[in-house]
2 protein chains.
Amino acid sequence: MTPRRTPQLDAVYDVVRAADDHPTADTVYARVRRVMPTVSLGTIYRNLQKLAAARCVRVLHVGDRITRYDAVVVEHDHFCCERCGAVHDVEAPRTRTRRRPAHVHAGYAVRTQVVTFYGLCPHCAGVVPRVAAGAAR
Amino acid sequence: MTPRRTPQLDAVYDVVRAADDHPTADTVYARVRRVMPTVSLGTIYRNLQKLAAARCVRVLHVGDRITRYDAVVVEHDHFCCERCGAVHDVEAPRTRTRRRPAHVHAGYAVRTQVVTFYGLCPHCAGVVPRVAAGAAR
DNA sequence: CTTTCTGCAAACTCTTTGCACTCGT
DNA sequence: ACGAGTGCAAAGAGTTTGCAGAAAG
């Protein structure tokens, strides 16, 4: 039961670390295939699970029911655009103490918390001038 | 395209309103069938979507990839137990201003936000004495 | 009467899994 | 060489959808 390091595992981790768009398993699959064309989708899922279990990647359930992956493991928030579906990281300058759920009823053992904002991203909100539009990510 | 009121729609809404456990579509299905045995799962999904579109129920994606429904539409937080999977409402005495994402980069139009805490519920954390354990769903 | 809604079942999407083979260690 | 990992394809869970008939307005 000793975990084993394989080129596929490395490739999956590389892709997730290089991504800033919180890719889905399918997106990771497509990207890994660019460098390793014979990889299978099952292997992608198995390795993503392995990385998640090792807390090397974070599993996100944002908005819809499809799973996304994030190589940024430190606690931070997300913004999900309801129009284009993009998921962006959000700066969370609030202190931990301020965010700590002191209001949760006694007896709950809180391990982590997830904050997700929904709305329109700058691009979809039309704030970004036309010239710059399309350049957004 | 005029929405139509049907006994099935009423039954679905009644079930969600009467529930305090953030039921899944399947759970709603089971409960509606108790009073309307011929209802179909497809109808449950269609009516849940209709209610969600009308903002009569809130759609929740908490933890896993299955969809839950909540008749409490006002903004509030949730706690998800990582052991038994239960979802509880959480008191959110924080003021709106305090929770407002002033730190979100300019240009984002935030419509709503979702805060979910993960950990162990009082029951699974062992606060509840052994005699009661095992009754947890 | 017209149009939406229903029940049924098949289709669809995302994810997991069984199997025989491969390849780290 | 042992056993975890892989590719493949089939199965599984949750959700959506096409259709013919039922029923709301």
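Here is the naming used below: chain letters follow the sequence lines, and residue numbers restart at 1 for every chain.
Counting to the nearest Å, the P atom of D:dG7 and the CG atom of A:Leu9 are 12 Å from each other. What separates CZ of A:Arg65 from P of C:dT15 is a distance of 8 Å, to the nearest Å. Atoms CG (A:Leu48) and P (C:dT15) sit 10 Å apart, rounded to a whole Å. Atom-to-atom, OH of A:Tyr29 to C1' of C:dT13 comes out at 15 Å; the value is rounded to the nearest Å. Rounded to whole Å, atom C1' of C:dC5 lies 12 Å from atom CE of B:Met36. Regarding A:Ile66, its CD1 atom lies at a distance of 13 Å from the P atom of C:dT16, rounded to whole Å. Note: CG (B:Asp26) to P (D:dG12) measures 17 Å, nearest angstrom.
When the nearest nucleotides of DNA chain D are assigned to A:Ile44 and B:Thr2 by heavy-atom distance, the more 5′-ward of the two goes with A:Ile44.
Dashed line: the shortest gap from a side-chain N or O of A:Thr6 to OP1 or OP2 of D:dT6 is under 4.0 Å. When the side-chain nitrogen and oxygen atoms of B:Thr67 are compared with OP1 and OP2 of D:dG14, none of them lie within a distance under 4.0 Å. Phosphate contact (OP1/OP2 of D:dT15, side-chain N/O of B:Tyr45, threshold under 4.0 Å): present. Of the side-chain N and O atoms in A:Gln8, none sit less than 4.0 angstrom from OP1 or OP2 of C:dC23. Put simply, A:Lys50 has a side-chain N or O that comes within less than 4.0 Å of OP1 or OP2 on D:dG5.
Neither side chain, A:Arg68 nor A:His78, offers a donor N or O lying under 3.5 Å from an acceptor on the other.
Here CG of B:Leu60 is found 9.5 Å from OG1 of B:Thr67. Values are rounded to the nearest 0.5 Å. Between the CG atom in B:Leu120 and the OH atom in A:Tyr108 there is a gap of 11.5 Å [rounded to 0.5 Å].
Residue side chain B:Arg4 reaches the base of C:dT3 through a donor-acceptor N/O pair under 3.5 Å, judged by distance alone.
Which of D:dT15, D:dT6, C:dC8 sits closest to the side chain of B:Ser40 comes down to C:dC8. Listed nucleotides: D:dT6, D:dT17, D:dT15. Nearest to the side chain of B:Arg46: D:dT17. Of the candidate nucleotides C:dC5, C:dT6, D:dT16, D:dT16 has the atom nearest to the side chain of B:Gln49. Considering only side-chain atoms of B:Arg5, the nucleotide from D:dT6, C:dT25, D:dG25 that sits closest is D:dG25. When the nucleotides D:dG14, C:dG24, C:dT6 are ranked by their closest atom to the side chain of A:Pro7, C:dG24 comes out on top. For A:Leu41, the side-chain atoms get nearest to C:dT15 when compared with the rest of D:dT15, C:dT15, C:dC5.
Nucleic acid contact for A:Asn47: sugar-phosphate only, since backbone atoms but no base atoms lie under 4.0 Å from a heavy atom of the residue. Within 4.0 Å (heavy atoms only), A:Thr24 reaches no atom of the nucleic acid at all.
Note on A:Val59: it clusters hydrophobically with A:Val12, by side-chain heavy-atom contacts below 4.5 Å among ILVMFWY residues.
Taking B:Thr24 as the reference, B:Thr27 meet the side-chain hydrogen bond (donor to acceptor under 3.5 Å, both in side chains) condition, with sequence neighbours excluded.
Counting only residues at least two apart or in different chains, side chain to side chain donor-acceptor pair (under 3.5 Å) contacts with residues 4-17 of chain B comprise B:Arg5-B:Asp10, B:Asp14-B:Arg17.
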